[in-house]
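Notes for the one structure printed next.
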There are 2 protein chains.
Amino acid sequence: MAIGYKELKADILQRIVQGYWPPGSLLPGEVELAEQHGCARATVNRAMRELADDGIVERRRKAGTRVRMAPMRQARFDIPIIRKEVEAIGATYRYALLSRDEVNVPDWLCGRLGVSRGESVLHVECMHYADHTPYQHEDRWIDISVLPAARTADFSAVGPNEWLVAAVPFSTVEMSFRSTAADRVLAAHLDCAEGAPLFQAERSTWWEEQAITFVRLTYREGYRMTTRY
Amino acid sequence: MAIGYKELKADILQRIVQGYWPPGSLLPGEVELAEQHGCARATVNRAMRELADDGIVERRRKAGTRVRMAPMRQARFDIPIIRKEVEAIGATYRYALLSRDEVNVPDWLCGRLGVSRGESVLHVECMHYADHTPYQHEDRWIDISVLPAARTADFSAVGPNEWLVAAVPFSTVEMSFRSTAADRVLAAHLDCAEGAPLFQAERSTWWEEQAITFVRLTYREGYRMTTRY
DNA sequence: AAAGTGGATATATCTAGGCAAAAGGGAAGG
DNA sequence: CCTTCCCTTTTGCCTAGATATATCCACTTT
C-alpha cells in the first residue's frame, strides 16, 4: 500500500490530467491523502510541493491545494553557453572579437547598469559563428569600476561571456526578449537585409546589488527559442 | 545554533559565490554539514537538493556534492493569461473575434498538429486590446476531430484561449518564440507598418499524445518579455 | 592486464511526530 | 451592514532515526 513520492506525484498528476480533479478544484488535504495512500504526510508533502514547483497546482495555507486554472503558467528555458548551443546542433563553433573599447557610459545604459554619467565602461563587440555562418552578435558592456579585472582580460580568443562565467558568479539576472529590425551594422554582421526582423535578448547581471554587465545578444535571422514540457 | 533550510541554502550559496568553495570543488557531506550547523540531516538535504535543482551544485551518490563548473542556468518565464497581463499594466482589456472558419488543414500545419492532409480544422482569428490599442493578435487552429465541442463553442464573447483552458483538462505544451516581419494583415490589425519587426510566440498543445490546438500569438510592436531571477 | 566482485560510503527516500505561521471563516461588537 | 478579532484548519518546516540505492574503489579472479 505504501508508495514513494514519485509514484504519488505521478498518481496525482494522472488524475488531474484525466479530469478527475479539474482546473480550479480543491484537492484533498495532506493528511487525507496520506491516509488514502498509506504513507507519511511528509511524502505527500514532497509530492505536492514538487507539483507546485512545476506549476501544476497552487498551494496556500489554510486554503488548501488547488489545480491551476491555466494549463501552463510558466516556461523554463535553458540559457546555454553559446558554444554549447552551436555544438549541440552539430556545427563547428567559431568566435571573433570585433571591437573592444573603454568609453564613457552612454546615457541609455546608465539606468540599466545603475552607474552614474561620466563613468567609464568597457565595451566589447563580438560575433559567434556556427560553421562559418553568423549565429549571434554580442554587444557587451562591463562596469570596470566593479570588475577591474576585465580591463586586463584578453577577449581575442575567448568570448567575454565565457570569461565572465569563469571569473564572476552572479546573484541576480534580468533578461528580456524582443523583436528588433536589423540596422546597418547588424545586417552586415549577421548577413541579412537591413530592416530584417531579428530576435534579441538583453541581460543585466548583478552581484550583491552591484551591476556588473549588460549584454545585448542578437540572433541570426530566423532563430527560434523553444521549450517543451 | 539551529537554522532553517533557507538560511542554510543562502549560507552555502554565499560561500560558493565568494569563492570559498570554487567551481568543481567537493562540498562536505550532509552529516558533516548538519553537525556544523546544528541541524538535522534532512534540513541539509533540503538545502542541497534545492541548490542542485537551481543548477548550482551537482550531486551524485557516493561521489558527494560538488560545485558545478559551468552553471548552465535556466530562466523561468511567466506566461500570463492575456487578460491578466493587460489588466496588470492598468489598462482595460478588450477582445474581438475577427473570423471563424472550418477549413481543410493547410500543409504547413499538418506536421505541427500531427493531423493528416484533407482533415478539417477550426480556424479562429481574434484580437486582444489594451485600452483600445492593439496588444496581441491570436491566430488559432483547433483539431475538431479531437475536440468536437469546439465546433459549437461561441468565441464572440470569450476568447478561444480561455475557452480551451476551461474545456481541456491538462496537456503537454511546446512553445517557441521568434521574430517576424509584419505582413499586410498583421500590420493592419496591430496598427504598425508593413515589415515592422514583431515578437511572435507559437504554442502547440497536446493531450494524451493527441494534438489539440496550435496558436500563433503576435504581439504589438515593441513588446518585451521579461524575467528576473 | 582485463574483468568481475564486494564492501564502504554518500545521497535518496521514508516514517512519525511536533511546532509554527498564514489565512479563511465566523462571531462579536459598533 | 460593516469592520475587527479570534479560532481552527491547512500547509510549512523541523527533528531523529532508519532503510534503500547507487557507485567508487580496492581486491580478486581469469
Side-chain angles (χ1 to χ4, degrees), chain A residues 1-16 20-70 73-74, chain B residues 1-16 20-69 71-72 76 84 229:
Chain A
M1 190 63 177
I3 57 171
Y5 85 93
K6 282 183 178 174
E7 299 155 82
L8 180 57
K9 183 181 170 187
D11 265 21
I12 296 170
L13 184 57
Q14 184 79 352
R15 285 208 243 184
I16 291 172
Y20 178 77
W21 287 317
S25 65
L26 186 68
L27 271 60
E30 295 191 352
V31 177
E32 189 179 335
L33 281 173
E35 281 167 5
Q36 280 175 17
H37 290 87
C39 62
R41 193 173 75 93
T43 305
V44 176
N45 184 275
R46 174 87 190 263
M48 299 282 260
R49 184 155 40 77
E50 291 213 352
L51 284 171
D53 288 344
D54 293 348
I56 310 293
V57 301
E58 198 165 87
R59 319 193 73 192
R60 260 156 56 224
R61 280 174 168 147
K62 164 66 185 172
T65 302
R66 45 184 73 238
V67 182
R68 280 203 181 222
M69 291 303 286
R73 213 183 123 69
Q74 45 193 299
Chain B
M1 190 62 178
I3 59 171
Y5 85 94
K6 282 183 178 174
E7 299 155 81
L8 180 56
K9 182 182 170 187
D11 265 20
I12 296 169
L13 184 57
Q14 183 80 351
R15 285 208 242 183
I16 291 172
Y20 179 78
W21 288 318
S25 65
L26 187 68
L27 271 61
E30 295 192 350
V31 177
E32 190 179 335
L33 281 172
E35 280 167 5
Q36 280 175 17
H37 291 86
C39 63
R41 198 174 75 88
T43 305
V44 176
N45 183 274
R46 174 88 190 261
M48 299 283 260
R49 184 156 42 76
E50 291 212 353
L51 285 171
D53 288 345
D54 294 347
I56 309 293
V57 301
E58 198 164 86
R59 319 193 75 193
R60 261 157 59 225
R61 280 177 167 144
K62 161 69 185 172
T65 302
R66 48 184 69 239
V67 182
R68 279 185 77 134
M69 291 299 287
M72 183 170 90
R76 229 164 160 176
K84 307 267 185 189
Y229 63 97

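Please read all numbers here as calculations on a predicted model, not as lab measurements. In what follows, chains are A, B, ... by sequence order, proteins preceding strands, each numbered from 1.
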Next on the checklist: Need to verify one output field. Residue with the more 5' nearest nucleotide on DNA chain D, A42(A) or M48(A)?
Outcome noted: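 Per heavy-atom nearest nucleotide, the more 5' residue is M48(A).
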
Item to check | Check against side chain to side chain contact (heavy atoms under 4.5 Å, CB included), T43(B) and H37(B) | outcome: CA-CA 10 Å; T43(B) 305; H37(B) 291 86; over 6 Å; no

Atom-pair distance ([atom1] on [X]; [atom2] on [N]), nearest Å:
X	N	atom1	atom2	result
D53(A)	dG12(D)	CG	C1'	13 Å
R46(B)	dT15(D)	CZ	C1'	15 Å
E58(A)	dT10(D)	CD	P	18 Å
R41(B)	dC14(C)	CZ	C1'	11 Å
R49(B)	dC14(C)	CZ	P	10 Å
Y5(A)	dT21(D)	OH	C1'	13 Å
R66(B)	dA10(C)	CZ	C1'	13 Å
L33(A)	dT10(D)	CG	C1'	12 Å

Checklist entry - Does some side-chain heavy atom of V44(A) sit less than 4.5 Å from a side-chain heavy atom of C39(A)? => result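 In contact.
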
Checklist entry - Do the side chains of R59(A) and N45(A) get nearer than 4.5 Å, heavy atoms only? => result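 With C-beta onward as the side chain, the pair touches.
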
Checklist entry - Taking atom OH of Y20(B) and atom CD1 of I12(B), what is their separation to the nearest 0.5 Å? => result 12.0 Å

Do the side-chain N or O atoms of [X] get closer than 4.0 angstrom to the phosphate oxygens (OP1, OP2) of [N]?
X	N	value
N45(B)	dA12(C)	yes
T65(B)	dT11(C)	yes
R61(A)	dG24(C)	no
T43(B)	dC13(D)	no
K62(A)	dT8(D)	no
R59(A)	dG12(D)	yes

Checklist entry - Relative to the 5' end of DNA chain C, which residue comes earlier, R60(A) or V31(B), by the nucleotide with the nearest heavy atom? => result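 By nearest-heavy-atom nucleotide position, the 5'-most residue is V31(B).
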
Checklist entry - Under the criterion side chain to side chain contact (heavy atoms under 4.5 Å, CB included), which of L33(B), L8(B), I56(B), V57(B) is the partner of M48(B)? => result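 It is L33(B); the other options fail the test.
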
